[in-house]
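All remarks here apply to the structure that follows.
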Amino acid sequence: MRKVADCREFPSETDCTLTISGEEDEVVRAASEHAVSVHGHTDSPELREQVRSTLKDEIPQHA
């Protein structure tokens with residue numbers, strides 16, 4: 001099942017609206033890179049685990 005990371009679920013100074021979906025490892029990698037480059041977080045195993053813990057299952061549009 002595809003996973004989703006949605007910046008709208010977390011408060012930020014930029015009011016970021018980015019949503020990333022895909023296979024779990026892809027989303028963790030992309031969302032972590034986004035958190036570092038846009039939101040100023042430090043890349044670490046802890047950041048990636050935090051991202052992984054917030055992922056939700058994608059709801060198919062044709063469900």
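No hydrogens, no waters, no symmetry mates; every other heavy atom, side chains included, goes into these values.
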Quick one, K3 with I20, criterion side-chain contact (heavy atoms from CB on, under 4.5 Å). Give me CA distance, side-chain angles, the key distance, then yes/no.
CA-CA 8 Å; K3 297 292 186 177; I20 301 169; over 6 Å; no
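The list of ring-ring contact (aromatic ring centres under 6.0 Å, His included) pairs with a residue in residues 6-29, not counting sequence neighbours, is empty. Pairs engaging residues 37-59 under the ring-ring contact (aromatic ring centres under 6.0 Å, His included) rule: H34-H39 [sequence neighbours left out].
In this structure R2 satisfies the side-chain hydrogen bond (donor to acceptor under 3.5 Å, both in side chains) test together with S21, E58, sequence neighbours excluded. Annotation: salt bridge (charged side-chain N to carboxylate O under 4.0 Å, His left out) contacts of E13 (sequence neighbours excluded): none. E33 is linked by a side-chain hydrogen bond (donor to acceptor under 3.5 Å, both in side chains) to nothing, counting only residues two or more places apart in sequence or in another chain.
With contacts defined as side-chain heavy-atom distances shorter than 4.5 Å, the pair V36/L47 qualifies.
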Just distance, no hydrogens or angles: give the donor-acceptor pairs under 3.5 Å from side chains in residues 24-32, sequence neighbours left out.
unit_1, atom_1, unit_2, atom_2, d
E24, OE2, R52, NH1, 2.8
D25, OD1, R52, NH1, 3.3
E26, OE1, E23, N, 2.9
S32, OG, V28, O, 2.7

